[in-house]
Amino acid sequence: MTSLPKIYDPQEIEGKWYQFWLSNNYFHAESTSDKSPYAIVIPPPNITGSLHIGHALDNTLQDCLIRWHRMKGHNTLWMPGTDHAGIVTELIMEQKLAEEGTSRNAIGREKFTERMWQWKDESAGYIVSQLQQLGCSCDWERERFTLDAGLSIAVRTAFVKLYNQGLIYRDTYMVNWCPNCHTAVSNLEVEPIEIDGNFYHIHYPVIDTDITLEIATTRPETMLGDTAVAVHPDDERYQHLIGKKVLLPLCDREITIIADEYVDTEFGTGALKVTPAHDVNDYEIGLRHDLEQRNIFTTDGHMNEDAGERYTGLSRWDCRKKVVEDLKNEGYLVKIVPHRHTVGHHDRCNTIVEPAISLQWFMNVRPLAERAIEATKKGEITFIPERETARFYHWMENIEPWPISRQRWWGHRLPIWYCNSCEEVTAAMDTPKKCKCGSTDFHQEEDVLDTWFSSGLWPFSTMGWPEETDELKTFYPTSVLVSGWDILFFWVARMIMLGLGCMDEVPFRHVYLHGLVADEKGQKMSKSKGNSIDPLETIEKYGTDAFRFALANVSTPIPYVALPEAQIESGRRFANKIWNAARFILMNLEKHPIPTTDTDDNEQVPLEVQWIQSRLNYTIKTTTDALENFRFHEVAHTLYAFLWHEFCDWYIEFAKQRLSNDEPKALWVAVDVLEQIMRLLHPLMPFITEEIWQQLPHGSQRNSSDEKASVTVAPWPTPSTENPTAEATMETLMKVIDNIRSIRGELNVPIGAAVDVHIQSPNAEIRERLETYLGHYLPAFTRVESITIAETLPKPPASAEAVIGELAIYIPLAGVIDLETEKTRLTKRHQQTVKDVAAAQKTLENPNFIERAPENVVAQKRDLLDRLLIEQGKLERSLSLLNTS
RNA sequence: GGGCGGGUAGCUCAGGUGGCUAGAGCGACAGCCUUACAAGCUGUAGGCCACAGGUUCAAGUCCUGUCCCGCCUACCA
């Protein structure tokens, strides 16, 4: 007897098989191959620590696609790696340093970078081990890191190329400044968050008059940097004041009242204080009117000397308090009105960003964005789900210059050199030898590039670009990119633009954007909310396959998918079900081994075998189709339903009966079907399928030795023809069995009691089928004493009845049957039938329906009505019999 | 302010191009340790498909409007 444990224990086998796959090199892709290529580059996880639930989903789906294509015989590459993730990683390191009582400035750039590399080495290894626990079949020999030497060359090459094309330039402009991180950030990195603030109404006295101009602001402290007040040129209230000056309270400065169309007369007081150095709109107004840009902040969000002596050194928030207090004391404050408004926060540290004028490096992405739009319109890239295409276009069409320099240390330093003797700026791969002016003295730009710049090159930098490598020739453009929709702009869009800019070709053919994992309340899971599921804990508790199955199972194409714990439990139960189906088959196989020589195949193939093979074909077709369309939930659902509710619930029960009749062929068919299911399930549940695959017999005539070695490299099943006749016949048989069970259940027939079954049917073919098979099948499902099948049959006294079209089932239950219960049961059935009849009649009585609906639809409806009418008549007769007895 | 997604069983969700009597998982209730599985088996209950119109022979599905929920975007101080 095989000593398979009754309960599937994932811990026992997962590590073993992963090592087995690695040692057989199954995950390795060839640089050149006759096979058609299939490639995915992993969205490189940040080296900030552990994988979260989003990674688990993202990588499960990728692995699913990768394993599927590997089985389809493609030269399959899953390129793994990690991202240096500039600002976040630095922030965490700074925290560590603070705990050690030091800081990045104290230890200096060189030491700091050293520490970062140390951390990277530990962290990347940890991430790899987690991906491996998830079962990810990446080509680990090719693992990359965005700061690798090779990728650094790619970054410099791309930068220099784009610089020489004039797309990268240096400029002074207003950017989002994070006073906490001391760096400029792009618009995407700024999260607008609604906060409860105030509208501060302030009097600005108009010079040489006794009137005052009332302005309203949410940021009173910025008045210290005001260099004008603006009103709308058509605003009758203020027209006469245009050109006059006001005295800026607290500052002892005079500023001019200007007219600008930007001002909204309806909003606030219709008079707008203008702070060109600290507000984007004011900046634009300032340029139009040639206003002074008066900077009053330090880079860390404090007030500088230009804010005035009494405020210098205060934080932004302390200064606001003091300004308001002073305004009040000096009689300038009119009122404070609560006002809810959105304020930009840096998404990495949650600090309120400060619009600031700053000298930065920018990339003019518009030309590349236009190419990206064009390429997408031509169908070179498709987005799944399709709605993402619109989001993509909208963003691309309204794209703004991308500030790419960051005042940080961890990342790619811009390959820009400044001559120390003249003004010359050079972009080059390395330090220039000699400047135009003859000097050999240069210094490199201190800033590093936005992390997303190097991530944007990922699909080709990982394959050795700018070298013309075999990998690039074979795998670029890659097949699909899998990611969450939340980084469509951050990353996906930039990869497309940079791919076009550097490779002249899009980086991937399909973009599959899956949903984000949410809890039961629809809240996105995140560590900070405390509602996240830890992948490793989950794997430990439920097993990887159960977890992966659950993730796929909830992956419907909606923006937020809920992953209740019950789903993962369901996955575990499913794994256990698979395990036990295999266990049953393997245990019985010891008693009935598959003969080495082919047995005589002339005999008739039993109905249940025709049926399960037909259903298997349907399953293969549906699963393949679902995978082709990235419908992972359908993959999961299809396989679950087939294995559990067709194979286990019915076929194995049939097979048990066959076995007890000493007909082992049914078991051997079960082996074949199970083997096919293992293939179909493998992309989703790699471990359990491998474990079972290894235990299943693979007779010499069944598979080649390669395929036998591992399900990882077994061919993906191809569907043959379906068998609708067998399916229809089996359906009738199953209905008969269901109805018998239902009668027994509803009338509380004791489990042990064997019953006589009388079946009456005018259809000779059905009778023949029932006679052939029911005797075989029925005992597998219920205790039965005798089966009588006839064309006409009187209803036995005190019997329960079920009606399936023109077929009737009677079960005599004298002594057991409670007439009232039976009456209730039949009445309920009758009522339902009457309702259905009425609905069908209504449709058929409509002449337009007969006229305009397709023939087959009309025919179907007629059949339905006929069947229902027969059932109704039978039920009515039985009910009247019950009433008179 | 614009745009997108969602509202179907107690809960989480399926229901490509309209057409079998609207489904699944979980949960609930009742009964079973039937020698693969109690992480199991069997049976039962539970739905005005958000609301109001419209198109159509036919609407959960398409159109219009309304109401909720969520999200993405936007320079109203």
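Throughout, a chain's letter reflects where its sequence line sits, starting with A, and its residues are numbered from 1.
- Within 4.0 Å of A/Pro192, counting heavy atoms only, lies no atom of the nucleic acid at all.
- Scanning atom types as modelled, no donor and acceptor separated by under 3.5 angstrom connect the side chain of A/Tyr8 and the base of B/C37.
- Of the candidate nucleotides B/A14, B/U12, B/U44, B/A14 has the atom nearest to the side chain of A/Thr556.
- Going from the C1' atom of B/A38 to that of B/G47 covers 31 Å, rounded to whole Å.
- With distances taken from any side-chain atom of A/Ile7 to the nucleotides B/G19, B/G25, B/A39, the minimum falls on B/A39.
- Here A/Arg862 does not pair with A/Glu855 in a salt bridge; the nearest charged N to carboxylate O distance is not below 4.0 Å.
- For the pair A/Lys828 and B/A45, the criterion of a side-chain N or O lying under 4.0 Å from OP1 or OP2 is met.
- A 3.5 Å limit on both hydrogen-bonding distances identifies B/C13 as the Watson-Crick or G-U partner of B/G23.
- Within the 4.0 Å cut-off from OP1 or OP2 of B/C26, not a single side-chain nitrogen or oxygen of A/Ser570 is found.
- What separates CG of A/Leu643 from P of B/G40 is a distance of 13 Å, to the nearest Å.
- The aromatic rings of A/Phe654 and A/Tyr651 sit perpendicular, their planes meeting at an angle over 60°, well past the 30° parallel limit.
- Residues A/Arg867 and A/Asn580 both approach RNA chain B. Their nearest nucleotides, taken by heavy-atom distance, put A/Arg867 toward the 5′ side.
- With B/A24, B/A39, B/A77 as the choices, the nucleotide that has an atom nearest any side-chain atom of A/Phe199 turns out to be B/A77.
- Distance noted for atom C1' between B/G3 and B/G19: 34 Å (whole Å).
- Listed nucleotides B/C13, B/C41, B/C26 differ in distance to A/Asp649; the shortest reach to its side chain belongs to B/C41.
- If you take NZ of A/Lys6 and P of B/C33, they are 14 Å apart, rounded to a whole angstrom.
- The side chain of A/Arg387 lies closest to B/G5, out of B/C20, B/G5, B/U44.
- Using C1' as the reference atom, B/C20 and B/C63 are 26 Å apart when rounded to the nearest Å.
- As a whole-Å value, the separation of A/Trp644 CH2 from B/A39 P is 11 Å.
- Between A/Pro10 and A/Trp395, the one whose closest nucleotide on RNA chain B sits nearer the 5' end is A/Pro10.
- Under the Watson-Crick and G-U wobble criteria, each requiring two contacts below 3.5 Å, nucleotide B/G5 is paired to B/C69.
- Nucleotide B/U35 is matched to nothing when pairs are restricted to Watson-Crick or G-U wobble geometry with both distances under 3.5 angstrom.
- Distance from the side chain of A/Met587 is smallest for B/A36 among the nucleotides B/A36, B/G43, B/G19.
- Formation of a donor-acceptor pair under 3.5 Å by the A/Arg583 side chain with backbone atoms of A/Leu4 is found in this model.
- Picking from B/A36, B/G19, B/U44 the nucleotide with the shortest atom distance to the side chain of A/Lys577 gives B/A36.
- Using atom C1' as the reference point in both B/U64 and B/C26, the two lie 38 Å apart (nearest Å).
- A/Arg391 forms a cation-pi arrangement with A/Phe489, by the criterion of a distance under 6.0 Å to the ring centre and an angle within 45° of the ring axis.
- Checked by distance alone, A/Glu653 brings a side-chain donor or acceptor within 3.5 Å of a matching partner on the base of B/A36.
- In this entry B/G47 has no Watson-Crick or G-U wobble partner, no candidate having both defining distances under 3.5 Å.
- Separation of the C1' atoms belonging to B/G5 and B/G46 is 28 Å when rounded to the nearest angstrom.
- If you check B/A14, B/A39, B/A77 against the side chain of A/His633, the one that comes closest is B/A14.
- Dashed line: the shortest gap from a side-chain N or O of A/Arg631 to OP1 or OP2 of B/G15 is under 4.0 Å.
- A centroid separation of less than 6.0 Å is found between the aromatic rings of A/Tyr283 and A/Tyr173.
- Computed from coordinates, the A/Asn198 CG to B/A77 P distance equals 13 Å when rounded to whole Å.
- Judged by distance alone, the side chains of A/Glu189 and A/Ser186 do bring a donor and an acceptor atom under 3.5 Å apart.
- If you check every strand for non-hydrogen atoms under 4.0 Å, A/Ala853 touches a base.
- Nucleotides B/C69 and B/U8 place their C1' atoms 16 Å apart, quoted to the nearest Å.
- Using a 4.0 Å heavy-atom cutoff across all strands shown, A/Val263 reaches at least one base atom of the nucleic acid.
- Rounded to whole Å, the P atom of B/C49 lies 8 Å from the corresponding atom of B/G60.
- Taking 4.0 angstrom as the limit, A/Arg219 places none of its side-chain polar atoms (N or O) nearer than this to OP1 or OP2 of B/A77.
- Residue A/Tyr542 contributes atom OH, which lies 14 Å from atom P of B/C26 at whole-angstrom precision.
- Whole-Å rounding puts the A/Glu266 CD to B/G1 P distance at 15 Å.
- B/C37 atom C1' lies 14 Å from atom CZ of A/Phe647, rounded to whole Å.
- Comment: A/Arg741 does not engage A/Glu746 in a salt bridge, judged by the lack of any side-chain N to carboxylate O separation of less than 4.0 angstrom.
- Checked for salt-bridge contact, A/Glu727 and A/Arg615 meet the test: a charged N lies under 4.0 Å from a carboxylate O.
- At the phosphate of B/C72, neither OP1 nor OP2 sits under 4.0 Å from any side-chain N or O atom of A/Arg391.
- Comparing the C1' positions of B/G23 and B/A9 gives an interatomic distance of 10 Å, to the nearest angstrom.
- Between A/Leu563 atom CG and B/C26 atom P there is a gap of 15 Å when expressed in whole angstrom units.
- Remark: side-chain polar atoms of A/Thr222 are paired, donor with acceptor, to backbone N or O of A/Arg219 under 3.5 angstrom.
- The side chain of A/Ser742 contributes an N or O atom lying less than 4.0 Å from OP1 or OP2 of B/U44.
- The listed nucleotides are B/C76, B/G19, B/A36; the one nearest the side chain of A/Asp264 is B/C76.
- In the set B/G6, B/G25, B/A77, B/G25 carries the atom at the smallest distance from any side-chain atom of A/His645.
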